[in-house]
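Structure record follows, encoded as structure tokens.
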Amino acid sequence: MLEMFGFRRPTSAPALRIMGACLVTAIAFIAFACSGDGSRSAPAGGTDVSDQPQSKRSWAGTEPSPPIPGDVAWFNVKRPLTLEELKGRVVLLDFWTLGCINCQHIIPDLKRLEAEFGDNLLVIGVHSGKYATEHDDESILEAVRRFGIEHPVINDPDFVVWRTFGASAWPTLVLIDPAGNLVGGHAGEGVYPLFQPILESLVAEFGEKGLLAPSPLPISLTAAPATAVLSYPGNVLADEASNRLYIADSGHNRVLEATLDGSLVRAFGSGKEGFADGAPGEATFRQPQGLALSVDGRTLYVADTRNHAVRAIDLASGETTTIAGTGLQLQRLPAGEAPARETALASPWDVAVADGRLFVSMAGIHQIWSLDLLTGRISVFAGTSREGIDDGPRLTMATLAQPSGLAIDGETLYWVDPESSALRRVPAGGDGDVETLVGTGLFDYGDRDGRGKQAQLQHPQGVALLDDALYVADTYNHRIRVYEPISKEVGTAAGSERGWSDGVAGTVKFDEPGGLSGAGGLLYIADTNIHLVRVYNPADGSVSTLTLTNLSAIAVGTPGRVTKVDLPSQRVAPGATNLRVTISAPAEFHLNGSAPSRLDLATSNGSVVELGERTVTWSSDETEVTFPVPVVLSDGRAALTATVSAYYCRSCAEALCFIGVFAL
């Protein structure tokens with residue numbers, strides 16, 4: 001199903017044509033593309049020019065690009081755009097689907113190109129979703145926020161734009177020159193090194209002709225909500241023996257430690273994106289996901305997904321070290337066992353410990369790897385690297401599809417494959433075949449209970465064992481499912497539709513739940529899109545929201561998105577007076593006194609506005625606080641700016657707390 005594609009120019013057809021070049025074998029270079037739906041593939045044709053010198057030719061197109069079809073939703077812009085108004089700049093269409101790991105891999109390449117070429121390049125994301133839930137505006141909106149996408153994005157649920165431009169797989173890139181003509185396309189990864197010289201050539205050529213004249217665009221970035229204590233948590237790990245709950249606070253690039261009742265203890269990671277080892281406040285992560293605890297409970301293993309690495313946290317000292325990965329995405333599979341610290345990985349999603357080994361779900365290369373914790377050597381454990389759902393011998397025949405959540409009972413390793421909506425297993429000792437328990441194909445999915453393969457899931461991302469049952473985070477169905485290993489029956493444990501509500505299992509709501517972990521008879525759930533940890537009690541079928549307390553334990557250096565607030569200018573008389581500052585929580589919320597809030601003031605002209613205080617802190621549980629700031633005002637003009645970091649919580653039983661960072 002996976003194919004490698006080169007850069008191609010269209011020949012005579014106005015729609016871009018793309019064809020596959022070669023199938024991937026097990027020990028080979030890696031083809032980075034999610035499978036496309038055969039019914040929507042572009043016709044074969046085109047010329048592969050990816051191996052030709054790119055700097056000695058004109059890359060200007062000769063055939064006009066078709067227009068972008070109308071009647072589609074747009075994000076990050078005030079109104080729909082047309083290719084006619086975009087003439088004078090290079091346009092790069094990125095066809096993607098939010099659950100595809102290969103689409104996520106090229107986001108850094110796109111951001112790098114955008115930074116390098118500025119206004120001369122406009123990337124337009126075309127979201128042609130594979131799954132039903134991926135067609136929803138709300139799902140795409142959350143993905144745009146989660147991935148930090150700042151270019152325009154189109155929702156193309158009916159594949160109209162996909163067919164118009166002949167896309168063939170996720171991701172597919174289509175390039176349009178400043179005259180509005182098609183240049184060519186590429187399906188798969190390796191975007192920056194391929195497109196950079198072509199873009200450089202186009203910008204130089206059209207610049208010399210005076211045809212490079214980008215006009216202002218109606219960009220309006222999709223407003224982000226106030227930052228919660230958690231940001232898109234990807235996974236949780238509950239440990240009854242130590243009374244600890246570890247949370248992969250993925251959107252904040254850190255891992256949190258709390259008690260099982262939600263009292264925060266400390267944070268590992270500064271909150272800044274990066275790849276650095278060190279003490280809790282010095283180490284940096286990049287969207288960590290999976291978590292596992294060593295047998296002795298002294299080490300926390302972390303799948304640092306976007307750094308393509310596995311990290312280890314010494315829970316006594318809080319020190320983070322890297323035990324696998326180089327920080328770069330792999331380009332070639334290892335031959336046999338290899339030094340883990342010198343071997344590149346591909347989006348490790350989860351980790352699990354058994355018998356001195358750390359199993360790693362390598363989502364980006366459709367395999368599971370095994371790391372020997374004693375020797376520090378790593379090797380492929382299951383999967384040929386081809387995307388699929390084939391059972392059989394784990395190394396020579398079995399194909400996986402973006403393996404994500406892992407669970408192990410000592411003898412059997414279980415995992416979920418989101419891209420085939422499957423639950424699978426293999427003997428952890430290595431003697432035995434890969435077996436599919438739920439799931440039938442790469443494009444087969446649904447929401448159905450039943451026995452074995454009669455049941456259907458939709459892009460599940462988490463799995464956990466609790467009291468001899470296997471629980472699955474059925475992510476795109478917004479449900480928690482339960483699989484009984486003896487009867488092979490799949491049922492719905494909790495969940496009804498997208499949203500947030502606690503109560504009886506059949507009526508509660510989740511929003512794309514991710515990782516799961518069981519302890520003390522309870523199932524802890526990373527409810528990713530609403531930035532919460534939820535708790536399911538199988539004994540009475542209830543779901544509650546875990547309230548995180550002791551926020552001051554993680555307050556220092558807490559990251560947060562900054563919301564810009566514009567206030568009107570004021571005319572005031574000269575003299576000494578007090579500036580009255582009032583901080584109010586939103587309606588149905590109150591300020592949170594369990595963590596210190598802060599106001600920092602600055603003036604652009606100290607001779608006009610002399611501040612008596614520049615920093616004010618407060619802790620209050622009221623709905624608002626007011627305090628005076630002494631100032632001396634003189635004739636002239638000055639801008640008074642402020643940054644507010646405020647903690648506040650919802651005033652109801654389902655108490656969700658936020659950290660709001662505002663610039664005035």
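Under a cut-off of 6.0 angstrom, the local environment of CD in E116 is crowded, with over 12 non-hydrogen atoms contributed by other residues, nucleotides or ligands. Within 6.0 Å of atom CG in D600, more than 12 heavy atoms from other residues, nucleotides or ligands are found, so the atom counts as buried in its surroundings.
Nearest heavy-atom pair across P348 and A309 is CG-O, 3.5 Å. Annotation for P171 and N102: closest pair CD-CB, 3.9 Å, computed over non-hydrogen atoms. The minimum heavy-atom distance linking V644 with L599 is given by the pair CG2-CD1, 3.5 Å. In this structure, D417 and P403 approach most closely via the heavy-atom pair OD1-CA, 3.2 Å. The shortest heavy-atom contact between L98 and S139 is CD2-O, 3.7 Å. In terms of heavy atoms, Y445 sits closest to S421 at CB-OG, 3.4 Å.
With sequence neighbours excluded, the residues forming a side-chain contact (heavy atoms from CB on, under 4.5 Å) with S347 are I101, H105, T305, R306, H308, listed by chain and number. Residues satisfying the side-chain contact (heavy atoms from CB on, under 4.5 Å) test with T528, not counting sequence neighbours, are Y232. Under the ring pair (Phe, Tyr, Trp, His ring centres under 6.0 Å) criterion, W96 pairs with H127, not counting sequence neighbours. Under the side-chain hydrogen bond (donor to acceptor under 3.5 Å, both in side chains) criterion, E114 pairs with H151, sequence neighbours left out. In terms of the side-chain contact (heavy atoms from CB on, under 4.5 Å) criterion, residue partners of S604 (sequence neighbours excluded) are, by chain and number, A638, A639. Contacts of Q402 classified as side-chain hydrogen bond (donor to acceptor under 3.5 Å, both in side chains), with partners at least two apart in sequence or in another chain: none. Residues that satisfy the side-chain hydrogen bond (donor to acceptor under 3.5 Å, both in side chains) test with D277, not counting sequence neighbours, are R311, T322. Take H459 and apply the ring pair (Phe, Tyr, Trp, His ring centres under 6.0 Å) test, not counting sequence neighbours, and it matches Y131, Y476. Among residues two or more places apart in sequence or in another chain, the side-chain hydrogen bond (donor to acceptor under 3.5 Å, both in side chains) test is passed with D527 by R534. By the side-chain contact (heavy atoms from CB on, under 4.5 Å) test, A283 pairs with F285, T320, sequence neighbours left out.
For residues 193-214, every residue pair satisfying the salt bridge (Lys or Arg N to Asp or Glu O under 4.0 Å) rule, not counting sequence neighbours, is listed here: E205-K209. Judged as a salt bridge (Lys or Arg N to Asp or Glu O under 4.0 Å), the pairs with a partner in residues 78-98 (not counting sequence neighbours) are, in order, R79-E85, E84-K87.
Annotation: the span from W162 atom CH2 to W170 atom CH2 amounts to 4.5 Å, rounded to 0.5 Å. Distance NE2/H531 to CG/D249: 10.5 Å, rounded to 0.5 Å. Between the CD atom in E134 and the OG1 atom in T97 there is a gap of 3.0 Å [rounded to 0.5 Å]. Atoms CG and OG1, on L400 and T384 in that order, are 7.5 Å from each other to the nearest 0.5 Å. Note: D304 CG to R286 CZ = 8.0 Å, rounded to the nearest 0.5 Å.
With K130 contributing its side chain and C100 its backbone, the two residues share no donor-acceptor pair below 3.5 Å. In terms of modelled atom types and a separation under 3.5 Å, the side chain of T164 and the main chain of V160 share a donor-acceptor contact. Between the side chain of S420 and the main chain of I389, no donor-acceptor pair closer than 3.5 Å is present. The main-chain N or O of Q289 is never found under 3.5 Å from a side-chain atom of D350 such that the two would form a donor-acceptor pair. Remark: the backbone N or O of A363 is not paired with any side-chain donor or acceptor of S361 at under 3.5 angstrom. Of the possible polar contacts, none joining the N120 side chain to the V203 backbone as a donor-acceptor pair under 3.5 Å is found. A donor-acceptor pair under 3.5 Å links the side-chain atoms of D177 to the main chain of G61, judged by distance alone. Under a 3.5 Å cut-off, the side chain of N76 and the backbone N or O of I149 do form a donor-acceptor pair. The backbone N or O of G383 lies less than 3.5 Å from a partner atom in the side chain of Q367, making a donor-acceptor pair.
Taking the side chain as every heavy atom from C-beta outward, Q287 and E273 approach each other to under 4.5 Å. Taking 4.5 Å as the limit, some side-chain heavy atom of L173 sits within range of a side-chain heavy atom of L110. For the pair L113/Y192, a side-chain contact is recorded, criterion being any heavy-atom separation below 4.5 Å from C-beta on. Using a 4.5 Å cut-off on side-chain heavy atoms (C-beta onward), L345 and L330 make no contact. Side-chain contact between V416 and T475 is absent, with no heavy atoms from C-beta onward closer than 4.5 Å. With contacts defined as side-chain heavy-atom distances shorter than 4.5 Å, the pair T133/R498 qualifies. In this structure, I68 and W74 have side chains that are in contact, with non-hydrogen atoms separated by less than 4.5 Å. Side-chain atoms of L217 and L86, non-hydrogen and from C-beta on, do get closer than 4.5 Å to each other.
A donor atom on one side chain and an acceptor atom on the other are not found under 3.5 Å apart for S250 and R146.
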